[in-house]
Amino acid sequence: MNAISSALVAGLDDEQRAAVLAGRGPVCVLAGAGTGKTRTITHRIAHLVASGHVAASQVLAVTFTARAAGEMRGRLRALESCDGGVARLGSVQALTFHAAARRQLQYFWPRVVGGTGWQLLDSKFAIVAQAANRARVGTGTDTVRDLAGEIEWAKASLITPEGYAAAAAKTARDVPMDAAQIATVYANYESLKARGEVALLDFDDLLLHTAAAIENDAAVAGEFRDRYRCFVVDEFQDVTPLQHRVLTAWLGERDDLTVVGDANQTIYSFTGATPNYLLDFSRRYPEATVVRLERDYRSTPQVVSLANRVIGAARGRVAGSRLQLIGQRPPGPEPTFDEYPDEVAEATGVARAIAALIEAGTEPAEIAVLYRINAQSEVYEEALTAASIPFQVRGGEGFFSRQEIRQALVALQRAAERRPDPDTDLAGLVRELLEPLGLTAAPPTGARARERWDALDALAELVDEELTLRPELDLPALVAELRVRADSRHPPVVQGVTLASLHAAKGLEWDAVFLVGLADNTLPISHALAHGPDSEAVEEERRLLYVGVTRAREHLGLSWALARAPGGRQSRRPSRFLNGIAPQSATTAARPARSGSRRGKGGPARCRVCNAVLSERDAIIVGRCSTCPSNLDETLLAELKDWRSRMKDELKVPAYVVFTDNTLIAIAESLPTDAAALTAIPGIGARKLEQFGDDVLAMVRARADG
Ligand code: ATP
Ligand code: MG
């Protein structure tokens with residue numbers, strides 16, 4: 001081993017080192033979350049290059065998202081410093097399957113096909129709509145999107161239009177309409193694409209054509225295989241049959257392949273991904289070096305122990321590959337389990353816990369809130385906005401930027417302009433207005449239609465909540481209120497708290513993670529439960545929870561709410577995956593008050609006057625039930641408002657960025673006289689204390705003295 005290589009393996013454990021130093025042949029790293037799989041492959045690439053096995057430009061590293069590919073390039077560049085750049089690790093190609101195929105096709109196409117070019121179909125929507133029209137099935141936006149999803153699944157699974165119906169039945173797919181009709185749309189779609197002068201290729205065609213070009217043309221295969229000699233695939237448990245076919249074409253008779261993955265993190269089955277290639281790797285390559293890693297370097301033993309318990313209950317073939325992870329980091333706090341009366345209280349409780357972490361020094365960018373479906377982001381956007389905590393919504397836009405929500409606001413606005421009869425039941429009217437946009441009585445089938453339904457349903461719930469708080473609102477005032485909420489959302493901040501779905505969190509890590517909405521029918525999601533309690537669909541939901549738990553380095557909060565909206569029927573149960581895992585005390589709603597502190601990490605907020613659990617957002621920030629007597633110092637409140645108005649002009653920010661009304665009310669009620677009392681108010685963290693603490697305390701003290 002030369003000096004560079006020994007520097008490269010210095011920071012690895014024995015098993016990781018074995019994987020890094022294994023000869024050129026096939027290597028399979030089969031290991032749990034946080035055990036250093038991604039780290040191992042970057043070091044392996046660096047080692048193969050540094051030791052002269054392969055030139056950096058001959059390595060093709062494939063990952064699943066552009067973000068992960070960027071991350072890998074970054075890590076390789078960092079390793080480059082080990083050898084002063086001699087090995088030129090920066091020229092390793094780290095790409096997604098699609099990006100790699102696209103490049104190759106651009107190069108080989110003229111030779112394989114000839115003069116006529118091709119054009120990438122960025123969105124297949126218009127052509128699927130045409131295909132649906134020809135097949136005389138619905139062409140509504142969501143139907144078309146769901147049909148597109150089915151076509152993508154079929155192509156990724158190497159299923160032809162003729163084979164679609166049988167395959168969908170065999171895999172018990174959640175189909176948006178009759179399978180035979182979908183098959184017709186799929187066939188129409190393929191012929192429409194091929195009709196024009198220039199071939200139209202969708203993303204899956206890039207892969208199909210690349211595989212075919214290499215499979216069918218010996219010269220192309222020869223040239224390609226000369227160019228790339230070493231292949232590495234991360235997250236191999238989520239490879240599709242189509243991607244696997246491309247990989248096989250790339251390799252030919254060679255076996256210079258390293259794969260890493262964790263079958264227990266398979267969470268993309270609905271797109272056609274399958275862990276079977278990972279699980280069957282050593283059957284396919286009997287001579288492969290197989291390495292299992294069980295030391296978890298990411299998370300504290302407390303988090304690791306919970307992860308082991310969550311996945312320990314899994315059943316089936318995939319579960320057979322799991323290992324007990326062993327936490328390597330120093331101990332940290334125990335994960336917390338919190339039950340709340342409703343989602344608003346849950347979001348506010350989580351926002352308070354986040355504020356406490358930030359105050360104690362955790363960077364907002366090192367904190368994530370993870371949920372099952374994107375529509376769940378709404379209450380968290382609201383709660384974080386109210387607490388003046390910066391955030392970004394990953395893998396989707398913020399709630400009010402979603403297409404269906406923008407459409408809904410337009411529809412409500414139009415109705416408001418028609419001045420409806422003031423006696424109509426407003427909540428009912430809103431649901432009626434949202435119905436043509438997709439808010440049917442029961443959730444529809446089809447993933448995209450369901451996503452739209454979930455978002456509209458969340459909006460309807462938000463309206464119900466608003467009307468419970470302020471029954472005097474009429475439709476124009478309600479619409480105005482919704483617009484204010486939409487406009488007052490923080491613009492996304494890159495360094496803020498991440499709000500993301502569990503699916504979008506794959507491979508990532510944060511110091512603190514909040515897994516929210518852990519109620520049955522949300523996780524596991526209801527349409528998975530519809531396949532039966534022991535179904536593979538439910539097992540995949542369990543793996544989602546495992547992925548979520550293992551994203552946390554140190555702090556992990558798990559929570560759920562018994563009802564959706566404040567005052568709603570508390571009919572929900574904690575997720576079945578927490579049975580025997582969450583302490584019994586967490587699952588009893590009527591817990592005794594926590595000793596004195598209104599601001600313990602997590603846990604429901606309580607009224608400072610009567611000690612009841614608070615569920616309305618405003619009440620939580622003010623720290624008092626709206627019905628309990630207020631000891632508000634009106635003069636102080638007026639002074640605080642004047643001061644805020646001067647500050648906002650001075651800092652050129654909206655008023656709420658200084659302090660929200662509710663925060664000012666809380667100050668004028670609780671009259672904090674020192675920093676500790678001030679930061680006990682939700683929405684006031686270390687940063688605000690530093691920025692405004694002196695001013696505010698001086699005002700409070702002046703009132704007390706005067
Ligand atoms: P996932 O299954 O979630 O993708 P992974 O197995 O790919 O996880 P990595 O992301 O490579 O895990 O590593 C997890 C964390 O542990 C990273 O922060 C990484 O830097 C660190 N780590 C990995 N191996 C070691 C090691 N030998 N010593 C110290 N830290 C390590
Ligand atoms: Mg990884």
Side-chain angles (χ1 to χ4, degrees), residues 6-21 27-47 61-65 67-79 94 96 232-239 258-268 273 275 278 291-301 303-304 306-308 310-311 318 321-330 332 365-366 368 370 500 502-513 515 543-554 556:
S6 41
L8 280 171
V9 297
L12 302 173
D13 67 33
D14 290 350
E15 289 78 23
Q16 292 173 332
R17 191 173 305 131
V20 167
L21 297 179
V27 174
C28 174
V29 179
L30 202 59
T35 52
K37 294 183 297 298
T38 301
R39 181 173 164 124
T40 300
I41 47 175
T42 42
H43 282 250
R44 176 163 168 78
I45 292 170
H47 165 71
V62 199
T63 63
F64 275 79
T65 60
R67 198 207 64 84
E71 162 96 29
M72 195 180 291
R73 284 192 293 270
R75 290 199 198 184
L76 285 166
R77 269 195 302 274
L79 288 177
T96 62
V232 176
V233 188
D234 198 0
E235 307 272 2
F236 197 62
Q237 76 279 356
D238 276 323
V239 87
T258 302
V259 301
V260 308
D262 176 5
N264 286 292
Q265 292 186 66
T266 304
I267 55 173
Y268 279 97
L278 178 66
V291 174
R292 289 170 204 271
L293 308 175
E294 47 191 7
R295 278 183 280 267
D296 182 317
Y297 293 96
R298 175 178 294 143
S299 311
T300 62
V303 172
V304 170
L306 180 64
N308 282 332
V310 166
I311 206 64
V318 166
S321 70
R322 74 188 157 219
L323 297 169
Q324 278 278 323
L325 296 175
I326 306 162
Q328 300 299 301
R329 294 189 37 153
E366 282 304 337
L370 306 178
L502 289 161
H503 281 104
K506 186 167 94 158
L508 307 181
E509 56 188 26
W510 293 271
D511 285 344
V513 170
L515 303 177
R543 295 193 290 266
L544 263 176
L545 177 60
Y546 173 68
V547 167
V549 167
T550 54
R551 298 309 96 199
R553 296 198 191 101
E554 201 173 338
L556 179 62

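Just so you know, ligand 1 is whichever comes first in the structure, and atom 1 is the first atom listed for that ligand. These numbers come from a predicted model, not from an experiment. We count residues from 1, following the sequence as given.
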Exercise. For residues E235 and T63, determine if any side-chain heavy atom of one lies less than 4.5 Å from a side-chain heavy atom of the other.
Key: no
Exercise. Report yes or no: does N308 contribute a side-chain atom to a donor-acceptor pair with the main-chain N or O of L325 at less than 3.5 Å?
Key: yes
Quiz prompt | Sub-4.0 Å heavy-atom environment of ligand 1, residues by chain | solution = G11, L12, D13, Q16, G32, A33, G34, T35, G36, K37, T38, R39, R75, E235, Q265, Y297, R298, G507, E509, R551
Exercise. Evaluate the criterion side chain to side chain contact (heavy atoms under 4.5 Å, CB included) for residue pair R292 and E15; output intermediate values, then yes/no.
Key: CA-CA 7 Å; R292 289 170 204 271; E15 289 78 23; over 6 Å; no
Self-check item: Gap between atom CG of N264 and atom CD1 of I311 - 0.5 Å precision
Solution: 4.5 Å
Quiz item: Looking only at atom types and distance, does a side-chain atom of K506 sit under 3.5 Å from a main-chain N or O of T266, one as donor and one as acceptor?
Solution: no
Quiz prompt | Criterion side chain to side chain contact (heavy atoms under 4.5 Å, CB included) on T38 and V260, from CA distance to verdict | solution = CA-CA 8 Å; T38 301; V260 308; 5.5 Å; no
Quiz item: What are the protein N, O or S atoms, given as residue plus atom name, that sit under 2.8 Å from the Mg ion (ligand 2)?
Solution: T38 OG1
Practice problem: Carefully, step by step, assess I45 and V232 under the rule side chain to side chain contact (heavy atoms under 4.5 Å, CB included). | Solution: CA-CA 8 Å; I45 292 170; V232 176; 3.9 Å; yes
Quiz prompt | Donor-acceptor contact present, side-chain R298 to main-chain T550, <3.5 Å | solution = yes
Quiz item: Sub-3.5 Å donor-acceptor pair from the side chain of H503 to the main-chain atoms of I267, do we have one?
Solution: yes
